[in-house]
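One structure below.
Hydrogens, waters and symmetry mates are skipped; everything else that's a heavy atom, side chains included, is used. When a residue number appears, it is its place in the shown sequence, counting from 1.
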Amino acid sequence: MTAKIAYDDVEVGAELPARTFPVTRATLVQYAGASGDFNPIHWNEKFAVEVGLPDVIAHGMFTMAEAIRVVTDWAGDPGAVVEYGVRFTKPVVVPNDDNGATIEVSGKVVAKLDDNTVRVDLTAMSAGQKVLGMSRAVVRLA
């Protein structure tokens, strides 16, 4: 696969389609099984509160993975992402109710680089707070 977006068709300032990702306690259990990360802060409310958290929180790597989906969906190829990094700024708190939490992600092309690559900056929010900082991806386009 190769990216479906052509480098020449992209302008600095272009906004990627925003997405909202639901997160429930069931989502966290599924992710824990797939990743092998069974830290009780991600599934045990009593433990999470005892260590100073407001409630169970989503895995940081899960949050990071959901955010990059905005880029991979836009590019049309997950392999087009050649670099990706974030800083974890706030946890995604996942209450034990029918709604859980949501992660709202938007992205913008902020630079055209060499070799048909662009830099995309992402904004990831949950409950009105920025949950990822310095969220940046370099993407090789067609």
Side-chain angles (χ1 to χ4, degrees), residues 1-7 9-113 115-142:
M1 275 177 90
T2 58
K4 295 179 175 156
I5 305 291
Y7 178 82
D9 293 340
V10 174
E11 298 295 329
V12 171
E15 294 191 18
L16 282 62
R19 299 258 326 257
T20 298
F21 302 99
V23 187
T24 64
R25 296 280 178 97
T27 309
L28 300 182
V29 170
Q30 291 167 337
Y31 182 81
S35 69
D37 181 352
F38 294 101
N39 187 324
I41 64 172
H42 303 303
W43 57 270
N44 183 320
E45 185 174 337
K46 181 179 180 290
F47 183 85
V49 171
E50 284 175 356
V51 298
L53 295 168
D55 203 334
V56 165
I57 63 170
H59 303 72
M61 296 303 285
F62 171 81
T63 304
M64 187 178 178
E66 291 292 78
I68 197 65
R69 288 175 59 189
V70 167
V71 175
T72 60
D73 288 352
W74 170 73
D77 177 12
V81 177
V82 296
E83 190 177 310
Y84 178 46
V86 306
R87 288 195 179 150
F88 301 106
T89 56
K90 298 278 185 190
V92 175
V93 178
V94 183
N96 190 19
D97 60 19
D98 293 336
N99 300 320
T102 58
I103 303 168
E104 300 97 22
V105 183
S106 60
K108 183 186 286 193
V109 175
V110 296
K112 290 184 87 167
L113 309 171
D115 199 24
N116 281 16
T117 60
V118 296
R119 192 181 104 203
V120 175
D121 286 2
L122 296 167
T123 301
M125 307 283 292
S126 184
Q129 295 189 330
K130 194 172 185 179
V131 296
L132 298 177
M134 304 285 291
S135 185
R136 298 176 175 166
V138 175
V139 185
R140 180 164 289 112
L141 301 177

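- Put simply, CG on Leu132 and CZ on Phe88 are 6.5 Å apart, with the number rounded to the nearest 0.5 Å.
- With salt bridges taken as basic N to acidic carboxylate O contacts below 4.0 Å, none links Arg19 and Glu66.
- Not a single donor-acceptor pair under 3.5 Å links the side chain of Thr102 to the backbone N or O of Thr20.
- For Asp37, the side chain to side chain donor-acceptor pair (under 3.5 Å) test picks out no residue, with sequence neighbours left out.
- A 4.5 Å side-chain heavy-atom check between Val71 and Tyr84 finds every atom pair outside the cut-off.
- For the pair Trp43/Val56, no side-chain contact is recorded, criterion being any heavy-atom separation below 4.5 Å from C-beta on.
- Here the shortest heavy-atom pairing between Phe38 and Gly33 reads CZ-CA, 3.7 Å.
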- Task: Show your reasoning for whether side-chain contact (heavy atoms from CB on, under 4.5 Å) applies to Glu11 and Val109.
- Result: CA-CA 7 Å; Glu11 298 295 329; Val109 175; over 6 Å; no
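- Residue pairs meeting the ring pair (Phe, Tyr, Trp, His ring centres under 6.0 Å) criterion with at least one partner in residues 52-72, sequence neighbours excluded, are Tyr31-His59, Tyr31-Phe62, His42-His59.
- Using a 4.5 Å heavy-atom cutoff, the side chains of Asp121 and Lys108 are not in contact.
- Here Asp9 contributes atom CG and Lys4 contributes atom NZ; the two are 15.0 Å apart, rounded to the nearest 0.5 Å.
- A 4.5 Å side-chain heavy-atom check between Glu50 and Asn44 finds every atom pair outside the cut-off.
- Side-chain atoms of Asp115 do not come within 3.5 Å of backbone N or O of Thr117 as any donor-acceptor pair.
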